[in-house]
Amino acid sequence: MRLSELAERWKKDRRSTELSLVVPVLLLESLGEGARESWEQTGAIVVGRLPERSDPQVFFVEKATRSGNAFPMGVTIGRVESNDIVVDDPGLSRFHAWLQQDAKSGAWWLCDADSKNGTQVDGESLTPGAKVALRDGCVVTLGQASLRFLLPTTLIELLKQ
């Protein structure tokens, strides 16, 4: 879903949309080199436009309902369909990273899954296997793809603009 589509849904039914926004999101703001060619080869570009900073793709941080994901501990991110969040960019590993919420504090953590091209949070490289706390609004870089992590309250404020 694009941010503009979510904003339209919010304008039509604010209460229902607000109530449905209970998990953080990742806004896919840009892809890395070679992503256009990858999208053309896989047909993803037919399904939707390439991400733009002005109208990013919205990924809800939650387990997907499809089968094939053998990683129950968190929300997986990668370039293949068995992940919970699929980013069609050749710079991402098949299983690149995962997000996990701390049950006690509610804080969200990101962990690099020993990816080929690495993971960064606000420009700081992650050590594979080490969990890093995410803050609202931080930029997560997977390979060369840039995603912004937003808590539901921040997303709702963004939709109001």
Side-chain angles (χ1 to χ4, degrees), residues 1-6 9 20-53 55-103 106-152 154-155 158:
M1 169 182 292
R2 306 298 282 198
L3 184 59
S4 60
E5 295 167 337
L6 185 58
R9 193 172 102 193
S20 72
L21 299 176
V22 295
V23 296
V25 297
L26 288 171
L27 301 181
L28 178 60
E29 296 178 336
S30 65
L31 293 169
E33 295 280 324
R36 176 174 290 282
E37 293 80 19
S38 176
W39 274 48
E40 289 169 353
Q41 289 171 0
T42 62
I45 203 163
V46 175
V47 177
R49 303 180 325 266
L50 283 169
E52 307 163 11
R53 287 192 191 278
D55 191 17
Q57 181 75 30
V58 177
F59 295 108
F60 293 93
V61 179
E62 59 189 357
K63 292 299 287 178
T65 56
R66 65 182 162 272
S67 62
N69 185 324
F71 192 82
M73 297 184 317
V75 177
T76 61
I77 307 170
R79 72 168 196 273
V80 296
E81 290 295 320
S82 60
N83 288 288
D84 300 306
I85 297 174
V86 179
V87 180
D88 194 4
D89 184 320
L92 268 74
S93 296
R94 289 177 293 180
F95 170 38
H96 196 98
W98 76 87
L99 296 134
Q100 193 172 21
Q101 187 176 28
D102 182 88
W108 282 89
W109 299 83
L110 177 69
C111 187
D112 181 86
D114 201 17
S115 63
K116 180 180 178 186
N117 293 318
T119 301
Q120 296 180 345
V121 174
D122 287 335
E124 295 291 324
S125 295
L126 274 63
T127 302
K131 292 181 180 179
V132 174
L134 295 178
R135 66 170 184 75
D136 189 26
C138 70
V139 175
V140 175
T141 305
L142 307 170
Q144 295 178 4
S146 294
L147 301 102
R148 187 167 304 275
F149 177 81
L150 297 179
L151 295 172
T154 303
L155 177 60
L158 182 62

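We use all heavy atoms of the structure for the numbers below, so side chains are in, but hydrogens, waters and symmetry mates are not. All of these numbers come straight from a predicted model, not from anything done at the bench. For this chain, numbers begin at 1 and follow the sequence in order.
Put simply, the side chain of M1 reaches to within 4.5 Å of the side chain of R9, judged on heavy atoms. Using a 4.5 Å heavy-atom cutoff, the side chains of L21 and F60 are in contact. Side-chain contact between L147 and V139 is absent, with no heavy atoms from C-beta onward closer than 4.5 Å. Within the 4.5 Å cutoff, the side chain of L27 has heavy atoms near those of the L158 side chain. Inter-residue side-chain proximity for L99 and T76 is flagged as unmet; no heavy-atom pair is nearer than 4.5 Å. Two residues are said to be in side-chain contact when any heavy atoms from C-beta on lie closer than 4.5 Å; N83 and F95 meet this criterion. Side-chain atoms of V86 and V80, non-hydrogen and from C-beta on, never get closer than 4.5 Å to each other.
Applying the side chain to side chain donor-acceptor pair (under 3.5 Å) rule to D112 yields the partners S115, T119; only residues at least two apart in sequence or on another chain are considered. Taking D114 as the reference, P128 meet the side-chain contact (heavy atoms from CB on, under 4.5 Å) condition, with sequence neighbours excluded. Partners of R94 by salt bridge (charged side-chain N to carboxylate O under 4.0 Å, His left out), not counting sequence neighbours: none found. Remark: A107 engages S105, W109 in a side-chain contact (heavy atoms from CB on, under 4.5 Å) (not counting sequence neighbours). Remark: D122 engages R135 in a salt bridge (charged side-chain N to carboxylate O under 4.0 Å, His left out) (not counting sequence neighbours). Taking the ring-ring contact (aromatic ring centres under 6.0 Å, His included) definition, one finds that F59 meets it with nothing, sequence neighbours left out.
D102 contributes atom CG, which lies 8.0 Å from atom NZ of K131 (distance to the nearest 0.5 angstrom). To the nearest 0.5 Å, the span separating CD1 on I77 from CG on L92 amounts to 8.0 Å. Rounding to the nearest 0.5 Å places CZ of F149 at 11.5 Å from CG of L155. For the atom pair L110 CG and Q120 CD, the distance stands at 11.5 Å (nearest 0.5 Å). Between atom CD of residue E81 and atom CG of residue D88 there is a gap of 8.5 Å, rounded to the nearest 0.5 Å.
Here the closest non-hydrogen pair linking T141 and S146 is OG1-OG, 4.1 Å. For the pair G106 and Q101, the tightest heavy-atom approach, listed with the atom from each and the gap, is O-NE2, 3.0 Å. The two residues H96 and G91 have their closest heavy-atom pair at CE1-O, 4.0 Å. Here the closest heavy-atom approach between residue A97 and residue L142 is recorded as CB-CD2, 4.2 Å.
Here the rule is side-chain contact (heavy atoms from CB on, under 4.5 Å) with L134, and of L150, L151, V61, V121 only V121 fits it.
For the pair K63 (side chain) and D84 (backbone), a donor-acceptor distance under 3.5 Å is absent. Q100 places a side-chain N or O within donor-acceptor distance of the main-chain N or O of M73, the cut-off being under 3.5 Å. Counting only distance, with no hydrogens or angles, the side chain of R148 and the backbone of G137 share a donor-acceptor pair below 3.5 Å. At least one donor-acceptor pair closer than 3.5 Å links the side chain of R2 to the backbone N or O of D55.
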